[in-house]
Participant: 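Once you've had a glance at the structure underneath, I'll fire off some questions.
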Amino acid sequence: MSEETKSLNFIEHIIEEDLANGLSKDKLRFRFPPEPNGYLHIGHTKAIGISFGLGEKYNAPVNLRFDDTNPAKEEQEYVDAIKRDVAWLGYKWANELYSSDYFQTLYDWAVQLIKDGKAYVDSQSSEAMAEQKGTPTQPGVDGPYRNRTVAENLDLFERMKNGEFDEGEHILRAKIDMQHPNMLMRDPIMYRILKKDHHRTGDTWCIYPMYDWTHGESDYIEQISHSLCSLEFKPHRELYDWFKEHVYDYAANTLPMLPKQREFARLNLSYTIMSKRKLLKLVQEGIVSGWDDPRMPTISGLRRRGYTPNSIRQFIEKVGVAKRENVIDVSLLEFCIREDLNKTAPRVMAVLDPVKLVITNYPDDKEEWFDAENNPEDDSAGSRKVPFSKALYIERADFKEEASSKFFRLKLGSEVRLKNAYIIKGESVVKDAQGQITEIHCTYSTDTEKKVKGTLHWVSIKHAIKAEVREYDRLFMDEAPDSHQDKDFMDFINPNSLKVINAFVEPSLANAAIGDRFQFQRLGYFNVDDDSKPGHLVFNKTVGLRDSWAKQKPKPQQQNKPQQPQQKRPAIEVIKQLGKKYTNLPEAKQERSKAEILKLAESVRYEDLQPLFNTAAKKVGTRIATMITLGVLLKNGHERNAEIEAFIEKALDDKNELLVTEAKAI
RNA sequence: UGGCCUAUGGUGUAAUUGGCAACACAUUGGUUUUUGGUACCAAAGAGUCUAGGUUCGAUCCCUAGUGGGCCAACCA
């Protein structure tokens with residue numbers, strides 16, 4: 001996959017086209033405009049990746065602009081967190097900017113708009129205004145204040161600014177068209193009175209501009225060439241352009257470039273939610289420990305979980321950019337982090353579910369320190385020493401008294417390799433009163449050259465360090481927890497998403513520092529959690545290794561999946577589709593196809609089938625499927641008529657033998 | 001009773017804008033392996049939502065339909 005063969009996404013096509021049409025490359029400028037009302041999540045990473053990625057690709061500046069026009073919801077804490085997260089992802093913004101920087105300019109332009117008769121002060125209740133606004137299917141009507149004089153509007157607006165009115169008494173609206181098919185164009189609100197302190201402007205302002213008025217004009221002030229946002233802002237584009245074109249009249253000399261808004265589909269990840277409001281609820285209700293809980297889809301959560309910036313950037317690149325709704329499977333994210341960590345994470349040995357293993361023919365007091373390779377993927381990673389002794393821990397799941405030959409691990413009477421050490425043979429077990437295995441007894445052999453099927457990881461009991469390991473499962477048990485109209489996303493919370501394990505790790509980990517990432521061999525990737533302290537190591541499981549052994553086992557119970565995703569499509573639609581492919585299929589599949597059509601045909605009504613009689617002659621497959629279906633209808637007692645006869649007649653004359661055969665059969 | 005967007009293997013994204021539907025993930029099999037990991041090889045899986053049209057030729061253009069999404073906060 002070389003850089004030059006990579007195809008462009010639709011936004012890049014637009015930019016290339018603009019460049020081809022004379023836009024100078026040095027005019028390219030992008031922005032990422034978060035509202036500082038919450039933490040960034042993996043969904044934002046897509047927007048970040050698109051705009052900053054474009055900046056890197058075209059060597060163009062990208063601004064980080066905080067869209068801070070609602071003092072009721074925004075806080076400095078979030079500004080700081082957002083900056084930290086964007087920087088952590090490895091992106092550099094050209095300027096750190098705030099919409100609130102433009103409050104004065106915006107105000108001046110609003111006054112101009114009033115003077116030009118393009119904006120007016122409305123003094124109704126929000127309920128009254130909502131009523132006049134109409135619905136998506138019904139036009140709105142003009143309100144009583146729509147035709148106030150310019151002088152009156154100017155006076156009122158200034159007094160709004162001066163704090164003479166209470167919240168809700170007046171608002172400023174753009175004067176566009178109350179009958180417009182796009183509801184956003186029905187005299188949208190530009191300013192509202194909000195007597196709240198703003199995290200940056202304090203009490204300087206008591207009127208605050210709305211998103212639509214602020215956002216586009218901020219783009220314009222910053223001379224952004226391409227303003228990229230998610231699909232739900234598509235209806236706003238018309239308003240974005242309206243404001244932009246009017247303001248252009250006031251500032252064309254100093255601000256020549258008109259920005260262009262384009263929209264892409266936001267990222268959805270299976271089994272997770274992306275709404276800031278809902279994520280906040282998880283935090284507030286204590287479902288998670290905070291915004292950076294390793295189960296959270298926030299950037300800070302992923303960071304704490306052990307994800308690398310590189311893995312997340314890779315993920316965003318693989319996800320692509322388009323305009324259709326999508327749900328990306330978490331397995332892609334997991335692939336990206338595994339791919340990255342496989343190359344970089346040092347390997348160590350840790351036992352999460354220990355069972356004692358005693359090597360009976362090994363001297364009681366002896367200990368040996370073996371060389372262990374740190375990373376087979378990285379020659380420069382070197383090696384370390386691991387201690388070996390008579391009593392070890394191995395994973396409980398790595399031993400069975402008896403098992404089939406498919407089980408490559410330790411069983412009685414057969415041999416496995418202990419990673420970096422000797423080959424051992426299972427001899428006997430010790431069990432407690434409940435029949436639970438408490439000790440496995442083995443003998444070892446020093447011939448490490450011989451071939452054995454399995455290799456186990458282990459730790460020496462005497463040398464092992466205790467560690468807390470936190471293993472995470474998905475937070476929600478539903479693939480799309482917030483897309484059910486009848487159920488709340490909170491209903492799908494997985495009660496067992498966190499499992500705390502007391503594990504034993506090799507002594508080289510004694511000085512592991514917060515944030516360090518490791519591969520626990522044969523288990524997965526783990527990092528040192530922020531809660532870790534000297535003497536009390538805490539690890540997070542970032543992700544498991546691919547495990548083709550584990551996949552084999554759950555097969556018998558996999559039956560509970562709904563076999564047929566319940567055909568919602570009408571039978572006739574399915575038949576049409578089957579027909580389309582029919583002639584291209586090998587004979588065996590044709591048989592199957594036909595059988596299916598015959599079955600589906602039972603639930604087809606004549607009225608639905610009849611239009612297909614006119615199918616173009618060249619679409620033989622569709623005609624065959626139609627013929628087969630017709631046969632079933634006739635057999636079930638439908639009467640022949642002129643159009644049926646005509647259809648059959650025509651088919652009998654066809655070049656295609658399959659069609660002729662089916663026609664004859666009727 | 002409207003407007004806008006969208007439809008390509010299980011998932012996501014492509015197809016030099018009208019010319020043999022490709023890539024990645026996932027799946028299955030195999031080789032290598034002191035990680036049932038990695039790497040490598042291979043297989044299977046869509047004929048592009050439906051119908052009609054233009055064309056020598058349509059995933060791409062046009063029309064209609066169907067499915068999905070978005071739009072009625074003094075939020076962004």
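Labels below follow one simple rule: chain letters A, B, ... track the order of the sequence lines, proteins then strands, and each chain is numbered from 1. Everything numeric in this text was worked out from a predicted model, so none of it was measured.
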Participant: For Pro235(A), what residues pass the side chain to side chain contact (heavy atoms under 4.5 Å, CB included) criterion, not counting sequence neighbours?
Facilitator: Asn182(A), Leu184(A)
Participant: Quick check on RNA chain B: between Asn9(A) and Phe520(A), whose nearest nucleotide comes earlier from the 5' end?
Facilitator: Asn9(A)
Participant: When you check the phosphate oxygens OP1 and OP2 of G36(B), does a side-chain N or O of Arg409(A) lie under 4.0 Å from one of them?
Facilitator: no
Participant: At less than 4.0 Å, is any side-chain N or O atom of Arg522(A) found next to OP1 or OP2 of U33(B)? Yes or no.
Facilitator: no
Participant: For the side-chain hydrogen bond (donor to acceptor under 3.5 Å, both in side chains) test, which of Glu325(A), His44(A), Glu232(A) pairs with Arg266(A)?
Facilitator: Glu232(A)
Participant: Evaluate whether atom NZ of Lys278(A) has more than 12 neighbouring non-hydrogen atoms of other residues, nucleotides or ligands under 6.0 angstrom away.
Facilitator: yes
Participant: Not counting sequence neighbours, which residues clear salt bridge (Lys or Arg N to Asp or Glu O under 4.0 Å) with Arg347(A)? List them please.
Facilitator: none
Participant: Show me, range against range, the stems involving RNA chain B, built from at least 3 consecutive Watson-Crick or G-U pairs below 3.5 Å.
Facilitator: B:2-7 with B:66-71, B:10-13 with B:22-25, B:27-31 with B:39-43, B:49-53 with B:61-65
Participant: Give me, pair by pair, the N or O atoms of the protein and of nucleotides 69-73 of chain B that are less than 3.5 Å apart, along with how far apart they are.
Facilitator:
unit_1 : atom_1 : unit_2    : atom_2 : d
G69(B) : O2'    : Glu325(A) : OE2    : 3.0

Participant: With sequence neighbours excluded, tell me which residues meet side chain to side chain contact (heavy atoms under 4.5 Å, CB included) with Ile316(A).
Facilitator: Thr45(A), Lys46(A), Leu267(A)
Participant: Grab the N/O contacts between the protein and nucleotides 15-17 of chain B below 3.5 Å, and write none if there aren't any.
Facilitator:
unit_1 : atom_1 : unit_2   : atom_2 : d
A15(B) : OP1    : His13(A) : NE2    : 3.4

Participant: Tell me whether the side-chain N or O atoms of Gln519(A) pair up with the base of U35(B) as donor and acceptor below 3.5 Å, since no angle test is needed here.
Facilitator: yes
